[in-house]
Amino acid sequence: MQPLDKVYEPQKFEPYWAQWWIENGVFQAASDSPARMYSLVIPPPNVTGSLHMGHMFEMAETDISMRWRRMRGYNTLWLPGMDHAGIATQMVVERDLAQKGIQRREIGREKFLEHVWEWKEKYGDRIKKQIVRIGASCDWSRERFTMDEGLCRAVREAFVRLYDKGLIYRGTYLINWCPRCLTALSDLETVHEERDGHLWHLRYPVTGSQEYLVVATTRPETMLGDTAVAVNPEDERYRHLHGKTVTLPLMNREIPIITDEVADPKFGTGVVKVTPAHDPNDFAAGKRHNLAEITVMDETAHMNENAGPYAGLDRFEARRQIVAHLQNLGLLEKIEDYRLVVGTCQRCGTVVEPRISTQWFVRTKPLAEPAMAAVESGRIQIIPEQWRKVYFEWMTNIRDWCISRQLWWGHRIPAWYCEKCGEITVAREDPERCAHCGSAKVKQDPDVLDTWFSSGLWPFSTLGWPDDTADLRSFYPTSLLNTGFDILFFWVARMIMFGLEFTGEVPFRQVYIHALVRDAEKHKMSKTRGNAVDPMEVAEKFGTDAVRFSLVVGAAPGTDVVFSEDRLTGYQAFANKIWNAARFVFLSLEKAGAEPWAPENLQEFRPQASGGAMEVPLEDRWIFSRLNDVAEQSNRAIEQFRYHEVAHLLYHFIWHEFCDWYVELKKLRFQEGSGLTPEWKNLLAAFERTLRLLHPLMPFITEELWQRLTVHVAGRPRSLALAAYPQYDVHLSDMRAEREVEVLKSIIGAARDLRAQMKLDPRKVVEGTLYSKSAAVEIARGSAGAIQKLAAINLEVVAGSAPVNSGVHAATPEFDLVLRVPAAEVEARREKLGKEKAQLEKACDSSHRQLQNEEFLAKAPPAVIESIRQKLGQYEAQIAKLNQALDGLDASGNP
RNA sequence: GGGCGCGUAGCUCAGUUGGUUAGAGCGCCUGCUUCACACGCAGGAGGUCACAGGUUCGAGUCCUGUCGCGCCCACCA
């Protein structure tokens with residue numbers, strides 16, 4: 001076997017294992033299994049040729065769940081959702097083209113699609129490889145591109161079914177329009193931003209009167225399209241004007257004064273201009289009063305022919321000129337600074353323009369009701385629970401979903417218009433003739449579907465729906481969706497609605513909403529902000545395992561992960577620590593001249609007694625008991641998505657129990673040329689079990705070490721990823737061993753503490769005496785070697801209490817420790833003891849106070865009272881001992 | 001405008017249903033090249049749990065308010 005290097009180099013092993021796992025099909029799932037376990041990973045919503053840290057984090061968490069489930073014997077399937085997003089694809093390709101100075105509209109649809117395919121060809125595989133490299137164990141056989149044939153079929157099926165049920169309709173409404181992307185946007189794709197602006201107060205002369213009405217607006221250019229002004233019907237100030245008209249300045253159009261609730265008497269002047277074609281509120285008011293809808297801008301937000309002299313101007317230029325002209329006419333009452341909210345395009349940030357347009361909509365109320373019920377009843381569990389409320393909030397206020405987009409990359413809407421009769425034919429297969437009049441002159445709707453429409457079908461379309469496949473039967477409903485809250489409405493809610501609508505079942509049983517990764521300044525990481533960290537770079541530098549671990553360890557449910565290099569350095573050191581523990585194991589085995597280790601059964605290995613001895617060595621009984629406890633806690637924590645807890649738990653166990661104590665104790669057993677004694681087998685087995693426990697969190701390093709460790713074990717699984725995750729085993733629990741090691745640790749700890757305070761020469765062995773009335777006597781005698789080695793103290797062990805005035809010592813409930821040292825360094829010790837005593841007295845006082853409190857005694861549970869009584873007894877005993885120790889210091893002139 | 005979350009050690013954060021002397025990592029201080037590891041070992045300092053009230057025998061934990069920070073949703077000119 002190749003000896004291990006002194007320093008762990010992840011770059012050497014991680015690429016190898018990433019490759020190996022793929023080649024050996026470790027993560028391919030058998031689709032005919034009855035086990036219903038798999039997890040979805042969200043698609044990177046903005047795939048741009050590389051991944052960002054948020055994805056890395058999400059994959060780490062998902063992968064931990066996946067590996068853990070697989071190791072527990074579940075048949076697992078993790079579907080990568082990458083590259084499904086039409087939004088992202090179109091955006092990326094547009095950006096690519098823009099760099100070459102090409103605009104989408106210039107090259108036409110066909111040419112544009114060629115670019116899209118080219119891009120996928122170029123980057124699709126690279127992204128996939130990157131994802132594997134950063135440690136995600138997905139099943140790539142289920143990968144689907146947006147335009148995958150099967151997915152296209154699923155999308156059509158879904159559209160047709162909804163259409164037939166009347167849940168999809170075509171209508172003319174005021175929608176959000178991006179004048180740069182030239183497409184409709186859903187409400188969710190419109191990002192509201194606060195900006196500084198102005199409130200312009202305009203005067204509209206009342207027809208046939210000297211009076212004028214003052215209206216306030218944040219967008220003066222829309223006044224060209226005004227078709228009314230509104231006052232509140234209850235507003236006494238304007239009662240005399242009901243039924244009259246005003247003359248619209250600049251356009252010289254006579255428009256009515258209407259009464260409507262849109263006008264709030266308490267806001268501004270209480271008069272509102274009504275522009276049905278350019279404002280959602282006004283649109284509704286326009287419908288109520290049957291007003292004309294005059295659109296004054298074209299699709300690129302330039303003023304159109306309805307804007308009279310302003311035609312052709314950009315909307316902001318038009319605004320400037322209109323304000324100037326009104327001012328000249330004396331029709332501008334005043335300008336106020338005003339903080340307003342504008343809608344911007346999620347993709348490009350352009351201010352969206354409300355625009356009247358004919359689009360396709362999904363009627364969401366009938367879909368939302370069962371979707372809410374599913375969460376309400378617990379058929380879908382949202383974790384952490386706080387997100388349930390957010391989900392309900394949104395679902396309750398849901399509005400119809402505009403699903404048509406004027407983009408070129410995406411699923412075409414399966415609707416055909418008849419040139420002859422004008423009717424619409426919606427069909428699964430491309431129709432040759434109009435379903436209504438039979439005319440062959442049918443033309444497909446040029447629009448494509450919102451990318452989230454197809455994404456909503458993901459949980460079952462990837463399993464073969466609409467066909468009744470074996471995959472669908474065995475994996476649907478799926479068990480877990482692990483995703484970020486930023487996508488709760490976009491994706492999660494819609495998957496639930498569609499899942500219930502099309503399959504009659506929930507798409508997943510649990511939704512775990514994970515934390516968000518932020519940079520050191522706590523900003524959300526994003527490409528546009530420029531603070532995104534490339535996970536490939538970081539993984540290359542620190543190792544994937546360290547990156548995964550550091551992300552997970554800081555991610556308590558419901559909080560954010562702050563990304564920092566310091567943390568990474570720390571977990572890189574952790575990986576190195578494990579590596580070196582393994583080095584110790586392998587090197588000492590070599591020195592022992594041991595034959596290969598080949599236990600019959602890894603899973604059920606029990607620690608063994610050494611030749612001739614009746615009992616298994618203390619440290620072995622102890623470490624297996626600890627391992628057992630850690631296994632129980634790990635399982636529970638992963639099950640409850642408390643990944644940070646598992647990470648802390650394993651970090652502490654491996655570093656501060658396995659390495660600091662177990663390995664140190666084992667060193668004492670070492671004998672050159674001893675061969676593979678039972679004691680060595682115990683060490684190997686304990687280490688093997690530790691690797692299994694850690695594997696879901698740090699897959700690469702554990703796999704490498706495990707392969708080396710178990711190379712001669714017959715019938716072992718091909719990969720650690722396929723080995724069994726340790727489970728609690730009542731036979732391995734050994735509380736006596738745990739207590740004994742605790743005592744041993746406190747003896748050594750007390751001795752080290754004394755030595756440090758006395759500033760004794762670290763190498764010089766000091767003579768000492770241990771007095772004890774408890775089991776510590778046996779333990780100290782049994783582990784004299786360990787005490788001498790680990791604390792550099794040669795102990796005489798005496799049953800009973802320390803004599804008064806016996807000199808320097810530490811006093812604990814279990815034992816007294818006396819060291820024979822020169823008196824010179826005693827001051828430091830006295831100070832320390834004084835401090836300890838003060839602390840104990842404080843605790844003692846508070847316990848006393850509690851126990852003297854009648855109400856406490858009357859109302860607190862007996863168990864609590866009893867525990868405080870016991871503690872008090874211990875405090876008092878310890879104080880007595882400390883006093884004795886202090887007296888001893890005073891008396892010990894020169895022992 | 002509505003809603004959610006967060007203020008705990010110098011920094012980043014844990015703290016599961018209220019119950020011992022509030023924890024971890026990093027950083028800092030002291031001493032160690034001890035034959036797995038200086039990406040290490042041993043020891044140590046450091047916190048009126050944002051503030052003010054309240055409930056309780058008992059509050060970092062529950063309630064109310066104040067201040068500071070972050071986020072989500074929202075068609076009020």
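Protein chains get the first letters and strands the later ones, always in sequence-line order, with residue 1 at the start of each. The figures that follow rest on heavy atoms only: side chains count, while hydrogens, waters and symmetry mates do not.
Which of A36(B), C39(B), U33(B) sits closest to the side chain of Arg763(A) comes down to U33(B). For Tyr571(A), counting side-chain heavy atoms from C-beta on, the closest listed nucleotide (G25(B), A42(B), U21(B)) is G25(B). Distances from the side chain of Asp264(A) to the nucleotides C76(B), A24(B), C4(B) place C76(B) closest. Which of G15(B), A42(B), G5(B) sits closest to the side chain of Arg642(A) comes down to G15(B). Each of A36(B), C26(B), U21(B) was ranked by its minimum atom distance to the side chain of Lys591(A); first place goes to A36(B). With distances taken from any side-chain atom of Arg583(A) to the nucleotides G25(B), C72(B), C37(B), the minimum falls on C37(B). Considering only side-chain atoms of Arg752(A), the nucleotide from C75(B), A42(B), C73(B) that sits closest is A42(B). The side chain of Pro861(A) lies closest to G19(B) when the candidates are U20(B), A36(B), G19(B). Considering only the side chain of Lys859(A), U56(B) comes nearest among A74(B), C37(B), U56(B). With G3(B), G44(B), A36(B) as the candidates, the nucleotide lying closest to the side chain of Asp753(A) is G44(B).
With P as the reference atom, G53(B) and U16(B) are 26 Å apart, rounded to whole Å. Nucleotides G7(B) and U61(B) place their C1' atoms 15 Å apart, quoted to the nearest Å. Rounded to whole Å, the P atom of G19(B) lies 11 Å from the corresponding atom of A59(B). Annotation: G27(B) and G65(B) have their P atoms spaced 42 Å apart (nearest Å). C73(B) sits 28 Å from C13(B) when the C1' atoms are compared, rounded to a whole Å. Between G46(B) and C29(B), the two C1' atoms lie 11 Å apart (nearest whole Å). Using P as the reference atom, A22(B) and A45(B) are 14 Å apart when rounded to the nearest Å. Taking the P atoms as reference points, A74(B) lies 23 Å from C6(B), given to the whole Å.
Distances shorter than 4.0 Å separate none of the side-chain N or O atoms of His644(A) from OP1 or OP2 on G25(B). For Trp655(A) and C39(B), the shortest distance from a side-chain N or O to OP1 or OP2 is not below 4.0 Å. Under 4.0 angstrom from either OP1 or OP2 of G25(B) there lies at least one side-chain N or O belonging to His656(A). Taking only side-chain nitrogens and oxygens, Arg567(A) never comes nearer than 4.0 Å to OP1 or OP2 of C39(B). Under 4.0 angstrom from either OP1 or OP2 of C37(B) there lies at least one side-chain N or O belonging to Lys6(A). At the phosphate of C41(B), OP1 or OP2 sits under 4.0 Å from a side-chain N or O atom of Lys577(A).
Remark: aromatic rings of Phe542(A) and Tyr571(A) are distant, center separation not under 6.0 Å. Aromatic pair Tyr651(A)/Trp655(A): centroids less than 6.0 angstrom apart.
Within 4.0 Å of Arg219(A), counting heavy atoms only, lies no atom of the nucleic acid at all. Counting any heavy atom pair closer than 4.0 Å across all strands shown, Val553(A) reaches no nucleic acid atom. When heavy atoms are screened at a 4.0 angstrom cut-off, Val262(A) is found touching base atoms of the nucleic acid. Contacts of Asp279(A) with the nucleic acid, taken as non-hydrogen atoms under 4.0 Å apart, are absent. Across all strands, Tyr391(A) comes closer than 4.0 Å to no nucleic acid atom at all (heavy-atom distances). Val390(A) comes within 4.0 angstrom of nothing in the nucleic acid, heavy atoms only. Among the heavy atoms of the strands, none lies under 4.0 Å from Glu672(A). Contacts of Arg399(A) with the nucleic acid, taken as non-hydrogen atoms under 4.0 Å apart, include base atoms. Using a 4.0 Å heavy-atom cutoff across all strands shown, Asn281(A) reaches at least one base atom of the nucleic acid. Residue Lys789(A) is out of contact with every strand shown, counting any heavy-atom pair closer than 4.0 Å. Counting non-hydrogen atoms under 4.0 angstrom, Ala756(A) reaches the backbone sugars and phosphates but no base. Contact annotation for Ala858(A): no contact, since no heavy-atom pair falls under 4.0 Å across all strands. Lys266(A) comes within 4.0 angstrom of no nucleic acid atom, judged by non-hydrogen atoms across all strands. As judged by a 4.0 angstrom heavy-atom cut-off over every strand, Tyr8(A) is placed among residues making no nucleic acid contact.
A salt bridge does not link Glu704(A) to Lys12(A): none of the charged side-chain nitrogens sits closer than 4.0 Å to a carboxylate oxygen.
Considering every non-hydrogen atom in both Thr218(A) and Trp200(A), the closest pair reads O-CZ3, 3.4 Å.
Within a 6.0 Å radius of CD in Gln11(A), more than 12 heavy atoms belonging to other residues, nucleotides or ligands are found.
Rounded to an integer number of Å, the gap from Arg388(A) CZ to G3(B) C1' is 16 Å. Rounding to whole angstrom units, NZ of residue Lys871(A) and C1' of G58(B) are separated by 18 Å. Atom pair Glu866(A):CD and G19(B):C1' shows a separation of 14 Å (rounding to whole Å applied). Remark: P of C41(B) and CG of Asp660(A) are 6 Å apart, rounded to the nearest angstrom. When rounded to the nearest whole Å, the span between CZ of Phe687(A) and C1' of C37(B) equals 12 Å.
Between the Arg755(A) side chain and the Ala792(A) main chain, a donor and an acceptor come within less than 3.5 Å of each other. Proximity of a side-chain donor or acceptor of Asn397(A) to a complementary backbone N or O of Glu393(A) within less than 3.5 Å is detected.
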Open item on the list: Apply side chain to side chain donor-acceptor pair (under 3.5 Å) to residues Ser186(A) and Glu189(A) and explain how you reach the verdict.
Closed with: CA-CA 5 Å; Ser186(A) 70; Glu189(A) 288 165 303; 3.1 Å; yes
TODO: Determine, step by step, whether Asp400(A) and Tyr173(A) satisfy the side chain to side chain donor-acceptor pair (under 3.5 Å) criterion, reporting the C-alpha distance in whole Å, the side-chain angles of both residues, the deciding distance to 0.1 Å, and the verdict.
DONE: CA-CA 11 Å; Asp400(A) 283 356; Tyr173(A) 294 96; over 6 Å; no
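Pairing of C69(B), defined by two Watson-Crick or G-U wobble distances under 3.5 Å, is identified with G5(B). In a base pair of the Watson-Crick type (N1 to N3 plus N6-O4 or O6-N4) or a G-U wobble (N1-O2 and O6-N3), with each distance short of 3.5 Å, G27(B) is matched with no nucleotide. Nucleotide C75(B) has no partner under the Watson-Crick or G-U criteria, as no pair reaches both atom distances under 3.5 Å. Figure legend. G18(B) is base-paired to no nucleotide; pairs are counted as Watson-Crick or G-U wobble with both atom distances under 3.5 Å. Across all strands shown, C39(B) forms no Watson-Crick or G-U wobble pair with both distances under 3.5 Å.
Between the side chain of Glu393(A) and the base of A74(B), no donor-acceptor pair under 3.5 Å is found.
A donor-acceptor contact closer than 3.5 angstrom is absent between the side chains of Ser588(A) and Lys667(A).
Each of Cys659(A) and Gln640(A) has a nearest nucleotide on RNA chain B; the 5'-most of these lies closest to Gln640(A). Of the residues near RNA chain B, His648(A) and Val271(A), the one whose nearest nucleotide (by heavy atom distance) lies more toward the 5' end is His648(A).
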